[in-house]
Amino acid sequence: MGFQDQTVMVTGGSRGIGKAVCKAFALQGANVAFSYSGSSQAAEETARELREYGGKVLAVKSDVSKMEECQTFFEEAATLGGRIDVLVCNAGITKDTLLLRMSEEDFEKVLDVNLKGTFHCLKLASKIMLKQRYGRVINMASIVGLRGNPGQLNYAASKAGVIGMTKSMAKELARKNITVNAVAPGMIDTSMSAKMTDSAKKEMLGRIPCGRMGKPEDVAAAVLFFASPEAGYITGQVLCVDGGMAV
Ligand code: NAP
């Protein structure tokens, strides 16, 4: 699964799952452009670590919920060699609370980043990938988008939307040698899951057949598989990386 000289774009690559994805590609020889929205220090640290693998690395401050900023991210990534072989739409946020307490603002913010942000990047990438007649797109969904979860109505809606977009784009672009798949992580050990209360964590852990939380690297391995030439006949799929939680 070598990615030598391929250009890989990852949204939200400065921390957590996105960072593990960037590292996995950089280790396989890819040039990596990743975005982040605010944590410049974490982004610089990640970029420094990635450069140690020898490829070209770009860290771009770009809020996925804003189309103009996504355009800048794509323009900068183009300087790595002109191609975009792989796009990983990973950036995501939560604003959890029960429906009765959920404000319209918290609903819209999560949809803007998770769903609209993915739409922006898919639109920009499809133009480039159609010209190349090659592309691998991997969207970060969640088992919450398949199963729902109390307190996460906004997040569940956004991730169910991401799955719908994945399947639609897969059908639109399959004949052009572009595959589009989604990874649906369960409970992964990052700062996002660290926000959960201890009791919610304990309850969730009890529902994981593997008996442990996932690692960002577990998710990165699935992303790499979908991005590989070997996965060229797989499109429109959702792969749960959840220790058996959704079974
Ligand atoms: P995380 O540790 O909170 O990292 C989120 C990343 O996204 C950071 O790099 C962050 O950069 C970036 N980001 C946030 N808002 C952004 C925006 N508007 N524009 C661009 N970048 C933005 O989260 P994670 O746990 O790694 O989650 C990554 C993805 O996996 C998300 O889509 C999440 O929904 C999904 N997921 C996670 C879990 C889990 O248990 N952790 C489970 C299922 C699915 P800044 O720090 O600069 O904001």
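Computed over heavy atoms, backbone and side chain alike; hydrogens, waters and symmetry mates excluded. In listed order, ligands and their atoms are each counted from 1. Keep in mind that what you see is a predicted model, and the values were worked out from it rather than measured.
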So K66 and D63, salt bridge (charged side-chain N to carboxylate O under 4.0 Å, His left out) or not? Walk me through it.
CA-CA 6 Å; K66 301 192 173 116; D63 179 346; 3.6 Å; yes
Tell me which one of [options] gets a heavy atom nearest to [atom].
| atom | options | result |
| --- | --- | --- |
| atom 38 (C) of ligand 1 | G186, S193, S142 | G186 |
| atom 45 (P) of ligand 1 | S39, A59, A43, S35 | S39 |
| atom 26 (O) of ligand 1 | I17, V88, V110 | I17 |
| atom 25 (O) of ligand 1 | V241, D112, T190 | T190 |
| atom 20 (C) of ligand 1 | C121, S40, G12, S62 | S62 |
| atom 5 (C) of ligand 1 | S158, G18, G92 | G92 |

Of all the atoms in ligand 1, which lie at a distance below 4.0 Å from a heavy atom belonging to [X]?
| X | answer |
| --- | --- |
| G16 | 2 (O), 26 (O) |
| A91 | 7 (O), 20 (C), 21 (N), 22 (C), 32 (O) |
| D63 | 17 (C), 18 (N), 19 (N) |
| V113 | 18 (N) |

Nearest-neighbour protein heavy atom for [atom], which is reported as residue plus atom name and distance:
| atom | value |
| --- | --- |
| atom 33 (C) of ligand 1 | Y155 OH, 3.5 Å |
| atom 10 (C) of ligand 1 | R15 NH2, 3.7 Å |
| atom 2 (O) of ligand 1 | S191 OG, 3.1 Å |
| atom 9 (O) of ligand 1 | S14 OG, 2.7 Å |
| atom 30 (O) of ligand 1 | M140 CG, 3.3 Å |
| atom 47 (O) of ligand 1 | G38 N, 2.7 Å |
| atom 32 (O) of ligand 1 | N90 O, 2.7 Å |
| atom 48 (O) of ligand 1 | S37 OG, 2.7 Å |

Could you go through the side chain to side chain contact (heavy atoms under 4.5 Å, CB included) check for C89 and L122 one step at a time?
CA-CA 8 Å; C89 293; L122 296 181; 4.0 Å; yes
Hey, does [X] sit under 4.0 Å from ligand 1 if you only count heavy atoms?
| X | answer |
| --- | --- |
| A141 | yes |
| P216 | no |
| K159 | yes |

Kindly work out whether a path of hydrophobic side-chain contacts (I/L/V/M/F/W/Y, heavy atoms less than 4.5 Å apart) joins V137 to V183.
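Looking at the clustering, V183 is in a separate group from V137.
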Side-chain heavy atoms under 4.5 angstrom apart, residues restricted to Ile, Leu, Val, Met, Phe, Trp, Tyr: same cluster for Y134 and L87?
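Y134 and L87: separate clusters.
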Nearest heavy atoms of R15 and S39, plus distance in Å
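For R15 and S39, the tightest heavy-atom pair comes out as NE-OG, 3.9 Å.
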Qualifying residues under salt bridge (charged side-chain N to carboxylate O under 4.0 Å, His left out), relative to E203, sequence neighbours excluded:
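If we apply the salt bridge (charged side-chain N to carboxylate O under 4.0 Å, His left out) test to E203, skipping adjacent residues, the hits are R207.
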Decide if atom NZ of K116 counts as having more than 12 heavy atoms of other residues, nucleotides or ligands within a radius under 6.0 Å.
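Count not over threshold, so no.
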For ligand 1, note which part of [X] has a heavy atom under 4.0 Å away: side chain, backbone, both or neither.
| X | answer |
| --- | --- |
| V64 | both |
| I188 | both |
| K19 | neither |
| A42 | neither |
| M187 | backbone |
| I93 | side chain |

With a 4.0 Å cut-off on N to O distance, would you call K23 and E217 a salt bridge?
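Salt bridge: no.
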Closer than 4.0 angstrom, basic N to acidic O: yes or no for E52 and R48?
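Yes, this pair counts.
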Give the intermediate values and the outcome of side chain to side chain donor-acceptor pair (under 3.5 Å) for residues S158 and N114.
CA-CA 6 Å; S158 72; N114 299 4; 3.2 Å; yes
Contacts of type side-chain hydrogen bond (donor to acceptor under 3.5 Å, both in side chains), residue D189, not counting sequence neighbours
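Counting only residues at least two positions away or on another chain, D189 forms no side-chain hydrogen bond (donor to acceptor under 3.5 Å, both in side chains).
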Residue pair D96, Q152: steps toward the side chain to side chain donor-acceptor pair (under 3.5 Å) verdict:
CA-CA 5 Å; D96 299 350; Q152 291 199 302; 3.1 Å; yes
Between the side chains of T166 and N139, is a donor N or O closer than 3.5 angstrom to an acceptor N or O?
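Distance-only check passes for T166 and N139.
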Pair E105, K109 - check salt bridge (charged side-chain N to carboxylate O under 4.0 Å, His left out), show working.
CA-CA 6 Å; E105 196 188 348; K109 183 68 194 162; over 6 Å; no
